[in-house]
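First comes the structure, then the notes that go with it.
If you read the sequence from its start, that first residue is 1, and numbering goes on from there. Because the structure is predicted, anything quoted here is derived from the model rather than measured.
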Amino acid sequence: MAMERTLSIIKPDAVQNNVIGKIEAQIEGAGLSIVAVKMTRMSKKQAGDFYEIHKGKDFYDYLIKFMTSGPAIVQVLEGEDAIKKYRKVMGATMFGEAEPGTIRANFATSNAHNAVHGSDSAENAQREISFFFPERQIYSRNKKVTNSKLETAA
Ligand code: ATP
Ligand code: MG
């Protein structure tokens with residue numbers, strides 16, 4: 001399995017609900033390492049660009065409003081098979097469908113307010129990571145990451 005990086009966001013609902021630490025504990029408990037992290041309130045332009053693929057969908061306008069409604073934690077996770085592993089820890093998108101014990105089962109309150117974001121492919125992970133972090137702000141614990149911009153794989 002490849003050592004990968006993925007972009008994680010703890011969304012404004014979870015920050016407002018004061019569960020940042022509980023979510024980070026689940027992420028670390030799954031064997032993922034936080035290698036870059038910051039709190040930021042996204043501008044409309046940033047959120048619009050970040051979620052460009054959903055433009056035109058009926059939930060798009062609300063999604064942008066929600067993601068800009070307050071501060072979020074944006075972070076880079078690193079680990080074996082990190083993209084898939086983190087999606088599994090997050091749980092299913094739709095409210096009520098997330099498997100018991102997942103972050104969304106524990107903290108989502110609706111389809112929109114689902115506590116966390118995670119990249120869904122290696123290509124999107126790289127795009128989303130570079131959206132928030134230059135390579136020099138990522139403190140890798142492993143030299144064999146396969147989807148980083150630096151191509152640190154041996
Ligand atoms: P994310 O991209 O945030 O990690 P995801 O990949 O599980 O979530 P997407 O299909 O990419 O799900 O949708 C992006 C986000 O848009 C969802 O996380 C959710 O906040 C919101 N969303 C998706 N579908 C709906 C819906 N039917 N109603 C309301 N909000 C939705
Ligand atoms: Mg998505």
Side-chain angles (χ1 to χ4, degrees), residues 1-15 17-43 45-55 63-64 66-68 70-95 97-108 111-154:
M1 254 181 296
M3 187 60 61
E4 292 176 338
R5 288 178 186 168
T6 190
L7 187 86
S8 160
I9 300 178
I10 302 180
K11 295 182 180 183
D13 57 331
V15 172
N17 291 334
N18 217 24
V19 291
I20 297 170
K22 287 182 176 156
I23 291 174
E24 301 291 39
Q26 279 194 246
I27 288 170
E28 291 185 337
L32 295 163
S33 300
I34 299 161
V35 293
V37 59
K38 64 185 168 193
M39 184 178 275
T40 185
R41 183 169 181 173
M42 277 191 232
S43 67
K45 164 100 177 80
Q46 268 182 315
D49 289 348
F50 187 80
Y51 277 120
E52 202 175 15
I53 44 168
H54 294 305
K55 216 171 196 158
L63 180 61
I64 302 309
F66 164 55
M67 291 301 289
T68 57
I73 299 292
V74 296
Q75 56 191 4
V76 179
L77 309 180
E78 190 177 273
E80 288 280 345
D81 205 20
I83 297 164
K84 219 196 278 169
K85 190 180 270 179
Y86 176 51
R87 296 281 303 186
K88 201 162 177 219
V89 181
M90 282 169 47
T93 309
M94 290 301 123
F95 184 60
E97 290 177 12
E99 302 71 10
T102 59
I103 294 169
R104 283 172 169 167
N106 292 342
F107 303 114
N111 287 340
H113 298 180
N114 58 5
V116 281
H117 161 84
S119 309
D120 58 11
S121 66
E123 197 189 352
N124 283 339
Q126 202 184 98
R127 181 185 82 86
E128 293 177 1
I129 290 168
S130 59
F131 195 88
F132 290 108
F133 296 99
E135 186 67 36
R136 69 177 187 284
Q137 287 176 5
I138 302 172
Y139 296 91
S140 184
R141 317 271 166 76
N142 194 296
K143 298 249 175 286
K144 291 187 177 168
V145 178
T146 56
N147 68 332
S148 84
K149 275 170 69 185
L150 264 188
E151 291 300 337
T152 45

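- Residues passing the side chain to side chain donor-acceptor pair (under 3.5 Å) test with Asp120, sequence neighbours excluded: Asn124.
- The distance from the CD1 atom of Ile129 to the CD atom of Gln137 is 13.0 Å, given to the nearest 0.5 Å.
- Between Tyr51 and His117, the ring planes are perpendicular. Angles over 60° get that label, and only those under 30° would be called parallel.
- Checked by atom type and distance alone, the side chain of Asn111 never pairs as donor or acceptor with a backbone atom of Met94 at under 3.5 Å.
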Trace of the side-chain contact (heavy atoms from CB on, under 4.5 Å) decision for Arg104 with Thr93: CA-CA 8 Å; Arg104 283 172 169 167; Thr93 309; 3.6 Å; yes
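- Listed by chain and residue number, Ile34 satisfy the side-chain contact (heavy atoms from CB on, under 4.5 Å) test with Glu28 (two or more places apart in sequence, or in another chain).
- With sequence neighbours left out, Glu4 forms a side chain to side chain donor-acceptor pair (under 3.5 Å) with no residue at all.
- Residues Arg127 and Phe50 share a closest heavy-atom pair of NH2-O, 3.2 Å.
- The distance from the CE atom of Met3 to the OG atom of Ser148 is 12.0 Å, given to the nearest 0.5 Å.
- The shortest non-hydrogen separation linking Ala125 to Ser119 is CA-OG, 3.4 Å.
- Listed here is the closest heavy atom pair of Thr68 and Ser43: CG2-O, 3.5 Å.
- For the side chain to side chain donor-acceptor pair (under 3.5 Å) test, residues two or more places apart in sequence or in another chain that qualify with Asn106 are Gln26.
- For the pair Tyr86 and Leu7, the tightest heavy-atom approach, listed with the atom from each and the gap, is CE2-O, 4.2 Å.
- Across all non-hydrogen atoms, the minimal contact from Gly70 to Pro12 is O-CG, 3.6 Å.
- Lys11 forms no cation-pi arrangement with Phe107, by the criterion of a distance under 6.0 Å to the ring centre and an angle within 45° of the ring axis.
- Atom-to-atom distance recorded for Met67:CE and Arg41:CZ is 12.0 Å, nearest 0.5 angstrom.
- Here the shortest heavy-atom pairing between Ala98 and Ala105 reads CB-N, 3.6 Å.
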Using distance only, find each side-chain donor-acceptor pair of residues 71-80 under 3.5 Å and give its atom names and separation, not counting sequence neighbours.
| residue | atom | partner | partner atom | Å |
| --- | --- | --- | --- | --- |
| Gln75 | NE2 | Ser8 | OG | 3.1 |
| Gln75 | NE2 | Glu24 | OE1 | 3.0 |
| Glu78 | OE1 | Arg5 | NE | 3.2 |
| Glu78 | OE1 | Ser140 | OG | 2.8 |
| Glu78 | OE2 | Ser140 | OG | 3.2 |
| Glu78 | OE2 | Arg141 | N | 3.0 |
| Glu78 | OE2 | Asn142 | N | 3.2 |

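- Within the 3.5 Å criterion, the main-chain N or O of Phe132 finds a donor-acceptor partner in the side chain of Lys38.
- When side chains are defined from C-beta on, Val89 does not count as touching Val116, because their heavy atoms never get closer than 4.5 Å.
- Scored by the side-chain contact (heavy atoms from CB on, under 4.5 Å) test, Ala112 finds Tyr62, Ser110 as partners (sequence neighbours excluded).
- Note: Arg87 CZ to Met90 CE = 4.5 Å, rounded to the nearest 0.5 Å.
- In this structure, CE in Met1 is found 8.5 Å from NZ in Lys84, a value given to the nearest 0.5 Å.
- The side-chain heavy atoms of Ile64 and Met42, taken from C-beta on, include no pair separated by under 4.5 Å.
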Chi angles and distances behind the side-chain contact (heavy atoms from CB on, under 4.5 Å) call for Ile83, Asn147: CA-CA 10 Å; Ile83 297 164; Asn147 68 332; 3.8 Å; yes
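- Residue Thr6 holds its OG1 atom at 12.0 Å from CD of Gln126, rounded to the nearest 0.5 Å.
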